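Input: a single structure, listed below in structure tokens.
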Number of protein chains: 2
Amino acid sequence: MTTTQMMKGILDGCLLAIIKDKEVYGYELAEKLEGYGFNSFSEGTIYPLLMRMQKEELVTSTLKKSTAGPKRKYYSLTRKGEQELINFMERWEYLKGNVNRVLNHEAKND
Amino acid sequence: MTTTQMMKGILDGCLLAIIKDKEVYGYELAEKLEGYGFNSFSEGTIYPLLMRMQKEELVTSTLKKSTAGPKRKYYSLTRKGEQELINFMERWEYLKGNVNRVLNHEAKND
DNA sequence: GATTAATACCTTGTAATGCAAGATAATATT
DNA sequence: AATATTATCTTGCATTACAAGGTATTAATC
């Protein structure tokens with residue numbers, strides 16, 4: 001029962017939300033996540049996840065020159081990705097509500 | 001990116017919270033979870049998880065006669081389990097705060 | 001010019017865990 | 001007897017975060 005495990009199925013939604021806000025490249029995402037309060041995520045997590053999301057046509061990428069180092073791969077949301085972000089937010093609200101109810105021992109009434 | 005994946009590392013904390021409130025048996029937990037708003041969890045999920053938690057000494061169990069069917073295995077929290085529940089609640093608040101910030105594009109300021 | 005540091009990307013293999021599917025057992029009902 | 005309901009357990013699979021390692025490009029330092 002670790003924080004790591006708690007991120008499963010949640011990190012991808014977070015990436016979609018960040019990418020929607022503004023075109024970003026992979027390396028940058030780790031820093032962004034820290035800015036939101038997360039401990040930094042491994043590149044071994046972020047890169048495979050981005051490639052998976054591209055394969056699922058949730059994001060597209062374009063290469064652009066970097067001031068230092070190899071070319072940056074900038075990601076943007078596709079329409080499918082925008083829809084998936086909406087779905088994620090719904091699932092997140094659902095999860096949040098349920099877990100909060102469990103922790104407060106409040107049965108759902110509807 | 002499924003709701004299933006989002007439960008990883010969270011369901012165990014939910015079970016600890018339910019068990020702390022009142023001694024319960026495995027079969028009962030699926031119903032309780034539904035009462036809190038979750039779609040019912042498979043027994044293939046709940047039983048192995050309970051056994052894992054007992055192995056980690058987070059819960060203890062005692063068998064009691066059932067009105068119909070085989071004996072029920074009632075679970076209670078150990079002191080270690082109570083501490084783990086507290087840890088879980090901290091991690092949950094941490095996760096919730098960070099994800100909410102990401103979705104609202106609000107940088108953490110501290 | 002050679003070395004080091006920083007930036008930026010990718011790959012491989014491992015661990016954790018929810019779940020479907022199936023098995024078993026005991027009591028109550030038909 | 002046969003069926004339904006309650007209740008538990010096991011096996012194998014899919015998913016995904018991550019550690020550890022690798023590659024490539026530019027800038028700064030020696």
Side-chain angles (χ1 to χ4, degrees), chain A residues 1-16 23-34 38-56 58-59 61-75 84 88 91 95 98-99, chain B residues 1-16 23-34 38-56 58-59 61-75 84 88 91 95 98-99:
Chain A
M1 187 157 85
T2 63
T3 310
T4 284
Q5 283 297 326
M6 291 174 74
M7 287 309 297
K8 285 188 193 295
I10 293 177
L11 181 57
D12 44 5
C14 290
L15 293 195
L16 289 177
E23 208 185 38
V24 287
Y25 56 98
Y27 196 80
E28 197 181 3
L29 278 167
E31 297 164 13
K32 291 260 187 191
L33 286 167
E34 271 189 83
F38 287 110
N39 294 329
S40 77
F41 277 93
S42 164
E43 295 164 18
T45 300
I46 290 174
Y47 289 116
L49 179 50
L50 286 169
M51 288 184 282
R52 212 186 298 150
M53 294 199 301
Q54 185 162 23
K55 199 173 178 182
E56 292 169 7
L58 302 176
V59 297
S61 65
T62 55
L63 291 173
K64 295 186 185 177
K65 281 180 194 161
S66 168
T67 52
K71 288 181 178 173
R72 294 167 175 168
K73 194 182 269 184
Y74 281 86
Y75 288 92
E84 184 56 31
F88 168 77
R91 288 201 305 278
L95 176 68
N98 291 350
V99 174
Chain B
M1 189 157 85
T2 61
T3 310
T4 284
Q5 282 297 327
M6 292 174 73
M7 287 309 298
K8 286 191 191 293
I10 293 178
L11 181 57
D12 44 6
C14 290
L15 294 195
L16 288 177
E23 208 185 38
V24 289
Y25 56 100
Y27 197 81
E28 196 181 5
L29 278 167
E31 297 165 13
K32 291 261 185 189
L33 286 167
E34 272 188 84
F38 288 108
N39 294 329
S40 77
F41 278 92
S42 163
E43 296 160 18
T45 300
I46 290 174
Y47 288 116
L49 180 50
L50 287 169
M51 287 185 281
R52 211 185 301 150
M53 294 198 299
Q54 185 161 26
K55 200 173 178 183
E56 292 169 8
L58 301 177
V59 297
S61 66
T62 54
L63 290 172
K64 295 186 184 178
K65 278 178 194 162
S66 168
T67 53
K71 288 182 179 176
R72 294 168 176 167
K73 194 182 270 186
Y74 281 87
Y75 289 91
E84 184 57 31
F88 168 76
R91 287 200 305 278
L95 176 68
N98 291 350
V99 174

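Note that this is a predicted model, so its numbers are computed, not measured. Convention: sequence-line order gives letters A, B, ...; per-chain numbering from 1.
- Using a 4.0 Å heavy-atom criterion, one finds that B:Glu28 contacts no nucleic acid atom at all.
- Here the side chains of A:Arg52 and A:Leu58 are not in contact, with every heavy-atom distance at 4.5 Å or above.
- In summary, of the residues considered (A:Gln54, A:Arg72, A:Lys73, A:Glu23), a side-chain hydrogen bond (donor to acceptor under 3.5 Å, both in side chains) with A:Ser61 occurs for A:Gln54 alone.
- The two residues A:Tyr75 and A:Leu50 make their nearest non-hydrogen contact at CE1-CD1, 3.5 Å.
- When rounded to the nearest whole Å, the span between CG of A:Leu29 and P of C:dA8 equals 12 Å.
- When the P atom of D:dT10 is taken as reference, atom CG of B:Leu50 falls 12 Å away, rounded to whole Å.
- The nearest whole Å value for the distance from the CG atom in A:Asn98 to the C1' atom in C:dG18 is 16 Å.
- For the pair B:Tyr75 and A:Ser66, nearest-nucleotide mapping onto DNA chain D gives the more 5' position to B:Tyr75.
- Going from atom CE of B:Met51 over to atom C1' of C:dA16 covers 16 Å, rounded to whole Å.
- Straight-line distance from the CG atom of A:Asn39 to the P atom of D:dA17: 15 Å, rounded to whole Å.
- For A:Leu11, counting side-chain heavy atoms from C-beta on, the closest listed nucleotide (D:dA17, C:dG18, C:dC19) is D:dA17.
- Atoms CG (B:Leu33) and P (C:dC19) sit 10 Å apart, rounded to a whole Å.
- Proximity of B:Lys73 to the phosphate of D:dC9: a side-chain N or O atom is located under 4.0 Å from OP1 or OP2.
- When heavy atoms are screened at a 4.0 angstrom cut-off, A:Thr4 is found touching the sugar-phosphate backbone but no base atom.
- Side-chain contact between B:Leu15 and B:Val59 is absent, with no heavy-atom pair separated by less than 4.5 Å.
- The distance from atom CZ of B:Arg72 to atom P of C:dA25 is 20 Å, rounded to the nearest whole Å.
- Counting non-hydrogen atoms under 4.0 angstrom, A:Thr45 reaches a base of the nucleic acid.
- You'll find a donor-acceptor pair under 3.5 Å spanning the side chain of A:Glu43 and the base of C:dC9, going by distance alone.
- In terms of position on DNA chain D, the residue among B:Leu63 and A:Lys71 whose nearest nucleotide sits closer to the 5' end is B:Leu63.
- Note on B:Tyr47: a side-chain N or O is less than 4.0 Å away from OP1 or OP2 of D:dT8.
- For A:Ser42, the listed nucleotide lying nearest its side chain is D:dA19; candidates were D:dT6, D:dA19, C:dC19.
- As a whole-Å value, the separation of A:Glu31 CD from C:dT7 P is 8 Å.
- Between B:Tyr25 and D:dA7 there is a side-chain N or O to OP1 or OP2 distance below 4.0 Å.
- With D:dA17, C:dA8, C:dA25 as the candidates, the nucleotide lying closest to the side chain of A:Pro70 is C:dA8.
- Contact record, A:Leu16 with A:Met53: CD2-SD, 4.0 Å, taken as the closest heavy-atom pair.
- Using a 4.5 Å heavy-atom cutoff, the side chains of A:Tyr25 and A:Leu63 are not in contact.
- Place A:Thr67 and A:Pro48 on DNA chain C by their nearest nucleotides, and A:Thr67 ends up nearer the 5' end.
- Residues A:Gly44 and B:Arg52 both approach DNA chain C. Their nearest nucleotides, taken by heavy-atom distance, put A:Gly44 toward the 5′ side.
- Counting non-hydrogen atoms under 4.0 angstrom, B:Ile46 reaches nothing in the nucleic acid.
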